[in-house]
Amino acid sequence: MKELADQICSDYRGTEPILIGVLNGVVFFIADLARQMTIPTKMDFVRAASYGSGMTSSGTVRLTKDVEIPIRGKPVILVEDIVDTGLTLAHIVEILERKGPESIRICAFIDKLERREITVPVDYCGFQIEEGFIVGYGLDHDEKYRHLPDIYILR
Ligand code: 5GP
């Protein structure tokens with residue numbers, strides 16, 4: 001976590017990026033990340049609802065909570081728990097781009113690179129995994145297991 005925060009801080013030195021977390025899964029990660037950062041940041045959240053609660057993403061996304069901090073002309077770092085097919089993030093980036101930020105980069109806790117269906121550049125990434133459904137550390141399955149302090153593969 002420290003290395004990830006250090007890398008972001010060195011890239012954004014002299015600026016005040018806005019960390020935008022994608023609720024709900026991101027809460028543990030963004031809290032740990034933000035605490036390790038040594039430059040000033042602001043923080044806001046969006047919530048993206050994908051239809052269905054199964055173990056795969058349906059690919060249909062809508063934003064049920066928008067950002068409240070103005071982001072026009074500001075550097076934005078979109079912080080996501082897991083990038084899987086990439087569809088959720090691609091939708092969110094598109095919506096945020098319309099608000100005219102200076103830049104948008106993506107920071108993901110886990111990147112499931114092998115399952116990508118759409119190109120989304122993950123600029124900062126905690127871990128890369130190939131397969132498996134992850135729970136714990138903020139990540140749920142049907143709202144269960146989110147509270148677990150560690151990460152588990154659901155079988
Ligand atoms: P994508 O649109 O990239 O396919 O899906 C991203 C979202 O699907 C993530 O933000 C997360 O909510 C959910 N997701 C994808 N893979 C996993 C996983 O292994 N575990 C959990 N808990 N959620 C996942």
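Residues take their numbers from the sequence shown, with the count starting at 1. Hydrogens, waters and symmetry mates are skipped; everything else that's a heavy atom, side chains included, is used. Numbering of ligands and ligand atoms starts at 1, following listing order.
- Of the polar atoms of Ile134, at least one N or O is found under 3.5 Å from an N or O of ligand 1, judged by distance alone.
- Taking only nitrogen or oxygen atoms, main chain and side chain alike, Phe133 does not reach within less than 3.5 Å of ligand 1.
- Checked against Tyr137 for a ring pair (Phe, Tyr, Trp, His ring centres under 6.0 Å), the options Phe29, Phe109, Phe127 give a single hit: Phe109.
- Close contacts of ligand 1 with Leu139, meaning ligand atoms under 4.0 Å from a residue heavy atom, involve 22 (N).
- With ligand atoms numbered from 1 in the order given, ligand 1 contributes 19 (O) to contacts under 4.0 Å with heavy atoms of Gly132.
- Every pair tested for side-chain hydrogen bond (donor to acceptor under 3.5 Å, both in side chains) that includes a residue from residues 69-79 fails, sequence neighbours excluded, so the list is empty.
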Problem - Verdict with supporting geometry, Arg116 and Thr85, side chain to side chain contact (heavy atoms under 4.5 Å, CB included) - result: CA-CA 4 Å; Arg116 200 59 41 80; Thr85 62; 5.9 Å; no
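- Judged as a salt bridge (Lys or Arg N to Asp or Glu O under 4.0 Å), the pairs with a partner in residues 145-155 (not counting sequence neighbours) are, in order, Asp140-Arg146, Glu143-Arg146.
- Checking Ile82, Val22, Asp81 against atom 12 (O) of ligand 1, the nearest heavy atom belongs to Asp81.
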Exercise for the section: Start with the C-alpha distance between Lys65 and Val46, add both sets of side-chain angles, then the distance that settles side chain to side chain contact (heavy atoms under 4.5 Å, CB included), and finish with yes or no. Expected result: CA-CA 5 Å; Lys65 189 218 169 289; Val46 292; 5.6 Å; no
Practice task
In sequence, state the C-alpha distance, the side-chain angles, and the governing distance for Asp66 and Lys99, and then conclude on side chain to side chain contact (heavy atoms under 4.5 Å, CB included).
Solution key: CA-CA 11 Å; Asp66 206 341; Lys99 298 178 191 287; 3.1 Å; yes
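- Of all the atoms in ligand 1, the ones that sit under 4.0 Å from a non-hydrogen atom of Glu80 are 10 (O).
- Close approach of ligand 1 to Asp140 (heavy-atom distance below 4.0 Å) involves ligand atoms 21 (C), 22 (N).
- Close contacts between ligand 1 and Thr88 involve ligand atoms 1 (P), 2 (O), 5 (O), 6 (C) [criterion: under 4.0 Å to a heavy atom].
- Not a single heavy atom of Leu89 lies less than 4.0 angstrom from ligand 1.
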Handout entry: Residues Met43, Ile18; criterion side chain to side chain contact (heavy atoms under 4.5 Å, CB included); working and verdict
Key = CA-CA 6 Å; Met43 202 187 293; Ile18 303 174; over 6 Å; no
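- Inclusion of His141 in the set of residues having an N or O under 3.5 Å from an N or O of ligand 1 is not warranted.
- Interface of Lys112 with ligand 1, defined as ligand atoms under 4.0 Å from a residue heavy atom, comprises 16 (N), 17 (C), 18 (C), 19 (O).
- Side-chain atoms of Ser103 and Val76, non-hydrogen and from C-beta on, never get closer than 4.5 Å to each other.
- Ligand 1 lies less than 4.0 angstrom from a heavy atom belonging to Gly86.
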